[in-house]
Amino acid sequence: MKMKRLLILAFVSFLIPSLLIAAGTKESAADGVIELSVYHYLDQTDKTTAPNFQHLVDVFEAANPDIKLSFEYGYGESFHDKLQTMAMSGQLPDIVLLYPGERTSQVTSAGLVKDLRPYLSGHEDEFADMAMQAQGENGEIWELPEDISITSIMYTNNRLLAELGLEYPKSYKELLAQGPVIRKAGLIPISIANKDAWPMQSCVAGMLVERACGMEWWDKALSGEASYDDPEFVYAMEIIKELNDKQMFSPGTNQLAYGQGLDDFVNERAVYLLDGGWTVNSMVGELTDEQKTYMSLESFPDIPNQKGQSLSVSATAGQGFGMNTKLSEKEAEAAWKWIWFYSGPEGSAIRQQYGRLPAYNLDEPEVADPMIKKLIAFAGKVPMGYVMDAVIAAEPIGTFNINLQNMMFDTMSPLEVAQDLERMVSSVGR
């Protein structure tokens, strides 16, 4: 941990010029326009998400000509690395995309962003209960969640299943038995691309930990009354190892960039895709109308000796925008206009049309894409557990992500992965 911070600080002097540009200035243009810098998590090469987000920006700026937003984008671990550098150098942008849990705690726990409760007051009941959970020790809300993020959906191609003489498996044993049949047909059983390391944790591990351990154990582990090297946690890691060893995941999954998993599913090279609800955003545009009739959203089958909730998924209140604590009152009011637009009724309605599951309570649209309707219906019926990177600190979870890859490469055992996570969590504090 200390070594990583020293390396980051060593580069701060090199990065300061670009960070100053990212942070922007507090000067207002002659015509009274307030300029705000924004750091956002976005893959600008994504042919669906990037233009959808730009549409939101265009709508906002058309309605608020007195506010000019200057965006800088990051994606994957580079986003989080640069955010940490910005925080440590005191060059945080005016508005920044944050997470509700530990993932961006280097910002939220350091007094760098404003508590949004004074701005949000009176609107709390308009959001899903999960989205209004306290983010700080004293009940603070550092970021206004844009959505409810389900991270472990088994997207299913029912046409391929029927062609193979299969049905959706009722148990983990049945799922494993389908593997040879699917591979013999030249198809991928479960499409997932794990080069970036986080998908195996976010889309698989958290869900399996809840299944293997149960929510009571989870809460005890978070408070220090249970350990991550307990047998039930190790069992969850063993299931990931077995899925990999029995070739249930995409071939070379740890060398595949995120996005390849979806490509293989959309192009019907995979029977299942294990990914988050945000993927519907891309499916709306990439699946044909015919494909949408036979694609379904399912829960991972129950595992043997399961202690957790049947058919549960991992989920969390999603990320959202927060504002720099250094903003003046006028600048903060302008920043809040963007935050409320994005996560409030107007932006949420637009994002729902694009396939997101907003944290803001909206009626199901009368006219909606079939995949959006399927996501809404799925979210309304499944039990939800924790996403690991929402409840475990960033440094331990980053190492855990890499250790999952090492386990799949046979350089670490499930027990060693669990022991290393417990050691790291204990060292940084729960």
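All values below come from the heavy atoms of this structure, side chains included, with hydrogens, waters and symmetry mates left out. Numbers here simply count residues along the sequence, with the first being 1.
Annotation: side-chain hydrogen bond (donor to acceptor under 3.5 Å, both in side chains) contacts of D420 (sequence neighbours excluded): N403, R423. E163 is linked by a side-chain hydrogen bond (donor to acceptor under 3.5 Å, both in side chains) to R159, counting only residues two or more places apart in sequence or in another chain. Every residue two or more places apart in sequence or in another chain that forms a side chain to side chain contact (heavy atoms under 4.5 Å, CB included) with L256 is listed here: A193, S250, Q260. Residues that satisfy the side chain to side chain contact (heavy atoms under 4.5 Å, CB included) test with L176, not counting sequence neighbours, are Y172, E242, L243, K246, M248. Under the side-chain hydrogen bond (donor to acceptor under 3.5 Å, both in side chains) criterion, Y155 pairs with no residue at all, not counting sequence neighbours. Every residue two or more places apart in sequence or in another chain that forms a side-chain hydrogen bond (donor to acceptor under 3.5 Å, both in side chains) with K292 is listed here: D369.
Under the 30°/60° scheme for interplanar angles, the aromatic rings of W278 and W198 are found to be tilted. Taking the six-membered ring for Trp and thresholds of 30 and 60 degrees, Y41 and Y75 have ring planes inclined between 30 and 60 degrees apart. Ring pair H80/Y99 is tilted by interplanar angle, where 30° to 60° counts as tilted.
Atoms CG and CE, on L273 and M283 in that order, are 5.0 Å from each other to the nearest 0.5 Å. For the atom pair CD of E268 and CG of L287, the computed distance is 8.5 Å after rounding to the nearest 0.5 Å.
A side-chain donor-acceptor contact under 3.5 Å links Q178 and Y272.
Across all their heavy atoms, A359 and A131 have their closest contact at CB-CB, 3.6 Å.
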